[in-house]
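Numbered from 1 within each chain, the chains take letters A, B, ... in sequence-line order. Note: hydrogens, waters and symmetry copies are ignored here, and every other heavy atom, side chains too, is used.
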Protein chains: 2
Amino acid sequence: MLSFTEENYLKSLLQITLENEEKNGAGTNELAAHLKVKPATATDMLKKLKSKKLVDYKKYGKISLTVAGRKYAVEIIRKHRLWETFLYKKLSFTWDEVHEVAEQLEHIQSQKLIDRLDEFLEYPEFDPHGDTIPTAKGELKISFKKTLAEVADGQSCKMVAVKDNSADFLKYVVKVGLGINNNIKVLSKESYDSLLTIEVNGVVSSVSQKFAQNIFVVCPPDTMKPTSKTKKR
Amino acid sequence: MLSFTEENYLKSLLQITLENEEKNGAGTNELAAHLKVKPATATDMLKKLKSKKLVDYKKYGKISLTVAGRKYAVEIIRKHRLWETFLYKKLSFTWDEVHEVAEQLEHIQSQKLIDRLDEFLEYPEFDPHGDTIPTAKGELKISFKKTLAEVADGQSCKMVAVKDNSADFLKYVVKVGLGINNNIKVLSKESYDSLLTIEVNGVVSSVSQKFAQNIFVVCPPDTMKPTSKTKKR
DNA sequence: TATAAATGTTAGAGTAGTCTAACAAATTTT
DNA sequence: AAAATTTGTTAGACTACTCTAACATTTATA
């Protein structure tokens, strides 16, 4: 069983690699900055995680997670996002309040707890920020999460979350006929003021850029397995 | 903000004092045994907690919580019991599974979380073990929790929890007309086999001792304020 | 390609919490 | 009340994680 600290290092490494798909690994300074510790501290921990076979690391080299390390990290992300969903959906926390508490809850050790929580929440796909929740099997779909404002002309997407929790905004969302899991097609985008014309359930509406920036959507979801070793060659 | 460890020391001290109302304070060995550490370790921590004004302690003397320390400890107990209730009621954990996970969850730092959880659970009075849950104001009712088998002839009590979670037992409970919060009057107790005759909602039934040992009840609840300083003299 | 800049590592030290071993005080027994 | 036992404390050491300061390696730049 890993300590909170070790878990945080694994989680940061996964987050860094997810943010930069093209990169081959993280750097010590980068990792240290992500965890808000000094590089020297990160070096020490990397040696420890290496000895536990959770990271691939050698002096002055790039850092990456081993298969076991990645699996562990995905579990932490899963816990984090399930707790965020719980706080948001069941305890009426707002979009911006969930993260801090989930940072603590993600370290609770109990497989049964997380399985039951998943069930209780009815196996949610997305957390309140629109990020995908890894499955119990450790599958992490990479969602190309963006705001509706970033969706290109003619493209379709699915609403996964809101960024603004004010009553005004949420009423407006309902008025436009939008809701979680609705499919949205962007019919056109005005170049002058970025006014969007969208179609939801066959209904066409116009929404401002400000509005669109507060709606999170995913475009074409893609599955990424927890490891590439399962691939046959 | 206190560390997990410091919180555990305060919690243990409160638990020890609650278990022995008549005693004037805990001893170092007793506290150390409760926390599964060595006495030397406890001595060190006591000095630290004393410097934070959370315990009253002097060399070779009895240990007790200050008003501030007790307040903190009651909050931890409150969190623990609310989480147990959540696990039991919402995530279908059994009576005996909740404690271990609640030991972890009780240390999560978020006032909003615990207030919302309390609301979500509809302000429960008792946890799955039949122990009272301190209120948001820090009031801890001392319940004279016992099993139905221990209730004296002629006495009345209220059912607060079950000890056995098997389907067989729970079906039996329903059959006898029992449920959480029901008032039970013990009409008579057979001295030979402890068979109980009880009255619930005007209906009289007979239950075995084995059955009665798996029902938790409270008899005459008594309120105990978080501090005795509020008493005027 | 030599030098400067950026990046990463090592050594030594500090804090929190734990331990063991030796000692000190309080309590119980005779 | 003296001795024995129990209880509690001190001193020194260990682990996990962190830091700063000095040094080493790699990369970028002139």
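- Side-chain N/O atoms of B/Thr28 include one lying less than 4.0 angstrom from OP1 or OP2 on D/dT9.
- If you measure from atom CG of A/Leu35 to atom P of D/dC19, you get 10 Å, rounded to the nearest angstrom.
- Atom CG of B/Leu2 and atom C1' of C/dA16 are 14 Å apart (whole Å).
- Listed by residue number, A/Tyr60 are the residues of residues 57-66 of chain A with a heavy-atom contact under 4.0 Å to DNA chain D.
- At a threshold of 4.0 Å, the pair A/Lys62-A/Glu30 does not count as salt-bridged, since none of the basic side-chain nitrogens sits closer than that to a carboxylate oxygen.
- As rounded to whole Å, 15 Å separates atom P of C/dA26 from atom CG of B/Asn29.
- Between the P atom of D/dG8 and the CG atom of B/Leu31 lies a distance of 10 Å, rounded to the nearest Å.
- With respect to the salt-bridge test (charged N to carboxylate O, under 4.0 angstrom), the residues A/Glu100 and B/Lys112 do not qualify.
- Taking the six-membered ring for Trp and thresholds of 30 and 60 degrees, A/His129 and A/Trp95 have ring planes more than 60 degrees apart, a perpendicular arrangement.
- Salt bridge annotation for B/Lys158-B/Glu125: present, with a cationic side-chain nitrogen under 4.0 angstrom from a carboxylate oxygen.
- Remark: A/Leu10 CG to A/Leu65 CG distance equals 6.0 Å, nearest 0.5 Å.
- For the pair B/Lys50 NZ and D/dT9 P, the computed distance is 11 Å after rounding to whole Å.
- Between A/Tyr9 and the phosphate of D/dT18, there is a side-chain N or O to OP1/OP2 separation shorter than 4.0 Å.
- A perpendicular orientation is assigned to the rings of A/Phe86 and B/Phe120, their planes being inclined by more than 60° (bins at 30° and 60°).
- Interface residues of residues 36-47 of chain A facing DNA chain D, ordered by number: A/Val37, A/Lys38, A/Ala40, A/Thr41, A/Asp44, A/Met45; criterion, heavy-atom separation under 4.0 Å.
- Looking at heavy atoms from C-beta onward, B/Leu105 lies out of side-chain contact with B/Glu84 at the 4.5 angstrom threshold.
- Closest of all the heavy-atom pairs between A/Ala152 and A/Val186 is O-CB, 3.9 Å.
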